[in-house]
Amino acid sequence: MVLKINKIIWVLAGATFGLLFSCQPKAEKSGRPNIIFIMSDDHAYQAISAYSDKLIETPNIDRIADEGMLFTNACVSNSICAPSRATILTGKHTHIHGKIDNNFPFDTSNVTFPQLLQDAGYQTAMFGKLHFGNNPKGFDEFMILPDQGDYYNPEFITRQGDTTIQGYVTDIITDLTLDWLGKRKEEKPFMLMYLHKAPHREWLPAERHYREFTQKTFPEPETLFDDYKGRGTAAREAEMNLLKHMTVSADNKIYPEVARELGVQEPSEWGFNVFKSKYARFTEAQKAQWDAVYGPINEEFAQLYPSMNDSAFMRWKYQRYMQDYLGCIAAVDENVGRLLDYLDKNGLSENTMVVYTSDQGFYLGEHGWFDKRFIYNESFKTPLLVKWPGKIAPGSVSDEMVQNLDFAQTFLEAAGVQAPDDMQGESLVSLMEGKNDQWTRDAVYYHYYEYPGFHMVKRHYGMVTKEFKLAHFYYDVDEWELYDRQKDSLELNNVYNDPAYVGVVESLKEQLIQIREKYKDSDELDQMFIDRYKEKGLIKEKK
Ligand code: SGN
Ligand code: CA
């Protein structure tokens, strides 16, 4: 009912506005803002120059913060792809919308913000990676990658059927997006989700970028050789260490035959198979271009490998990893620039909110890791840059604890649509407008489930404030960790059992109980999700 009234109000308001300002550009008739949600996959904030210029310059992504706001404490509620995307769409924690991991399909009976915006008269479109196992609801048009999608010559799922498009995925997703913008009805506001696959593993850059980035050397993180002392079992047992778990073939691009001949110990055959299947997708011309650059890298590796010790091999892997990962980001940045230029040239910038974020953060060698999943900083935090001319002051910064949980309510408020009462986030509009006194949140909740599974990061939930991080790892362990975020920014010392923190532990545990209640999470639900894994044979019964 509320929605219907809202819709009527907007139709009337739009009509009045249209009559009064009929000489305005057509797109602004209704007065409601357009919304462009740009999300990349696994884009670490460490690899955006608005946050840090140690690794790469991203001038186009940075433009969003220059013209708007940089959030320095944005985070996710569950650091993995599909759960994060479901949280973004529904405004609910993963235990509520049910998409706790990448295994089970999204329950499409959930109400999502695009459906509400579409009902309120917005044109809606989605291009790129969704990763739900089913098609999105609430979109006038979509073209999505099946599952993780491919970097080269990717397939797309559309309502009309599947199609393969020749070329490089980041460029193609942008072409589709710009094409739709050009074709849309100018009299209606739009909400567009422009969702990159890059820089997701296995990090295949475009030719123009691998030529450039394979020539570069990058600074190593302080904790590349972390020995995980001072942390718990979960950090020690996670399978995402560059030396032990990153594959020399699929990840570092050494041809399987070269790796075999050298006797490199791969974690499993899987890396070889992934490399072969990705290489097989290339056209003959793409293979030739690839071989011209990666062939010499293979030759050099064959020379070096026999005399490499573990630390030299780790360093080599780190450089290879960064060259390809950052090469993928270069294409994302260029293409974000294409989109921003399009908005400028077509008079759309003024009335469009543009958001840049990632579905979660990522380890770029910190703690010796790649991948994500943990409540620890590099995976828990995610980039967030937003511009909204006239609402957000250019060059502003917010260090509030905002979450992917907040997007749905933010977009609904921006569009003047009432959010359903059961959404669990908080609209960021007040923060964007500089009304910081209206922001009351001082802690966020986190819960990761996908265990046992890829990379073997144990199940854990926790709570994070600006000062502290408290986490409980459960299921096959029962371990608590506490980090003092002010004194230990690298999160190297679990102080949970430190007598100096007895009072802090007591009060944070109490607060954690309350936040679990507030968000309707519980031990019973934790057990239910474990049982679901048992039923599906994803975990064996405990002895
Ligand atoms: C793939 C990756 C993993 C990654 C998961 C989830 N392996 O399985 O490293 O953790 O996706 O990523 S890959 O080499 O086959 O790409 S997510 O972003 O979809 O959650
Ligand atoms: Ca991801």
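FYI, side chains are in, hydrogens and waters are out, and symmetry mates aren't considered; it's all heavy atoms of this structure. Model, not experiment: these values are computed from the prediction. Each ligand, and each atom within it, is numbered from 1 in the order the structure gives.
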Colleague: Tell me the protein heavy atom at minimum distance from atom 15 (O) of ligand 1, and give that distance in Å.
Modeller: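 Going by distance alone, atom 15 (O) of ligand 1 is nearest to Trp270 CZ2, 3.4 Å.
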Colleague: Please list the nearest protein heavy atom to atom 4 (C) of ligand 1 with its residue and the distance rounded to 0.1 Å.
Modeller: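 Minimum-distance protein heavy atom for atom 4 (C) of ligand 1 reads Asp371 OD1, 3.4 Å.
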Colleague: Tell me the protein heavy atom at minimum distance from atom 17 (S) of ligand 1, and give that distance in Å.
Modeller: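 Minimum-distance protein heavy atom for atom 17 (S) of ligand 1 reads Cys81 CB, 3.1 Å.
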Colleague: Taking the six-membered ring for Trp, are Phe282 and Trp290 parallel (under 30°), tilted (30 to 60°) or perpendicular (over 60°)?
Modeller: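 Phe282 vs Trp290 ring planes: tilted.
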Colleague: Among all the protein's non-hydrogen atoms, which is closest to atom 6 (C) of ligand 1, and how far away is it?
Modeller: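 It is Asn102 ND2, 3.5 Å.
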Colleague: Between the Ca ion (ligand 2) and Asp42, which N, O or S atom of the residue is the nearest one?
Modeller: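 Asp42's closest N, O or S atom to the Ca ion (ligand 2) is named OD1.
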Colleague: Using a 4.0 Å cutoff against the non-hydrogen atoms of Asp41, which atoms of ligand 1 qualify?
Modeller: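 Taking each heavy atom of Asp41 in turn, ligand 1 has 18 (O) under 4.0 Å.
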Colleague: Between Met240 and ligand 1, which part of the residue brings a heavy atom under 4.0 Å of the ligand: side chain, backbone, both or neither?
Modeller: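 Neither part.
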Colleague: Considering heavy atoms of the protein only, find what lies nearest to atom 12 (O) of ligand 1 and give residue, atom and distance to 0.1 Å.
Modeller: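 Looking at atom 12 (O) of ligand 1, the protein heavy atom closest to it is Lys372 NZ, 2.8 Å.
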Colleague: Using a 4.0 Å cut-off to any heavy atom of Ile80, which atoms of ligand 1 qualify?
Modeller: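 Taking each heavy atom of Ile80 in turn, ligand 1 has 20 (O) under 4.0 Å.
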Colleague: Begin from the C-alpha positions of Lys253 and Ile297 and carry the test side-chain contact (heavy atoms from CB on, under 4.5 Å) through to its verdict.
Modeller: CA-CA 9 Å; Lys253 322 295 174 358; Ile297 290 175; over 6 Å; no
Colleague: At what distance is the nearest protein heavy atom to atom 11 (O) of ligand 1, and which residue and atom is it?
Modeller: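 Closest protein heavy atom to atom 11 (O) of ligand 1: Gln148 NE2, 3.1 Å.
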Colleague: Considering just N/O/S atoms, say which atom of Asp359 is closest to the Ca ion (ligand 2).
Modeller: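 The Ca ion (ligand 2) is closest to the Asp359 atom OD2, counting only N, O or S.
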Colleague: Using 30° and 60° as the class limits, which term best fits the ring planes of Tyr279 and Tyr255: parallel, tilted or perpendicular?
Modeller: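 Perpendicular.
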Colleague: Among Arg373, Arg201, His245, whose heavy atom sits nearest atom 5 (C) of ligand 1?
Modeller: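 Result: the heavy atom closest to atom 5 (C) of ligand 1 is in Arg373.
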Colleague: Using a 4.0 Å heavy-atom cut-off, say whether Phe275 meets ligand 1 through its side chain, its backbone, both or neither.
Modeller: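 The answer is neither; Phe275 stays 4.0 Å or more away.
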Colleague: Answer yes or no for Val274: is there a heavy-atom contact with ligand 1 below 4.0 Å?
Modeller: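 No heavy atom of Val274 comes that close to ligand 1.
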Colleague: Please test Leu130 against Phe142 for side-chain contact (heavy atoms from CB on, under 4.5 Å), starting from the C-alpha separation and ending with a verdict.
Modeller: CA-CA 10 Å; Leu130 176 62; Phe142 63 82; over 6 Å; no
Colleague: Which of the atoms in ligand 1, numbered in the order shown and given with their element, are less than 4.0 Å from a heavy-atom of His131?
Modeller: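 So the atoms of ligand 1 that pass are 19 (O).
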Colleague: Could you tell me if any non-hydrogen atom of Glu239 lies under 4.0 Å from any atom of ligand 1?
Modeller: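 Checking ligand 1 against Glu239, which is what was asked, there is no heavy-atom contact under 4.0 Å.
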Colleague: Any side-chain donor-acceptor pair under 3.5 Å between Tyr356 and His43?
Modeller: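 Per modelled atom types, Tyr356 and His43 side chains form a pair under 3.5 Å.
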Colleague: Hey, is there an N, O or S on Gln360 sitting under 3.0 Å from the Ca ion (ligand 2)?
Modeller: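 Given the 3.0 Å cut-off, Gln360 counts as a ligand of the Ca ion (ligand 2).
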Colleague: So which heavy atom in the protein is nearest atom 9 (O) of ligand 1, and how far is it from that ligand atom?
Modeller: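 Protein heavy atom with the smallest distance to atom 9 (O) of ligand 1: His455 NE2, 2.7 Å.
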Colleague: Taking the six-membered ring for Trp and the full ring for Phe, Tyr or His, determine whether the centres of Tyr376 and Tyr483 are under 6.0 Å apart.
Modeller: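 Close enough - the centres of the two rings lie under 6.0 Å apart.
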Colleague: Do the ring planes of His460 and Tyr446 sit parallel (below 30°), tilted (30 to 60°) or perpendicular (above 60°)?
Modeller: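 Rings of His460 and Tyr446: tilted, 30 to 60°.
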Colleague: Would you check whether Phe454 has a nitrogen or oxygen atom less than 3.5 angstrom from a nitrogen or oxygen atom of ligand 1?
Modeller: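 Looking only at distances, the answer is no, because the N/O contact criterion of under 3.5 Å is not met.
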Colleague: Need the atom name: nearest N/O/S atom of Asp41 to the Ca ion (ligand 2).
Modeller: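 It is OD1 of Asp41.
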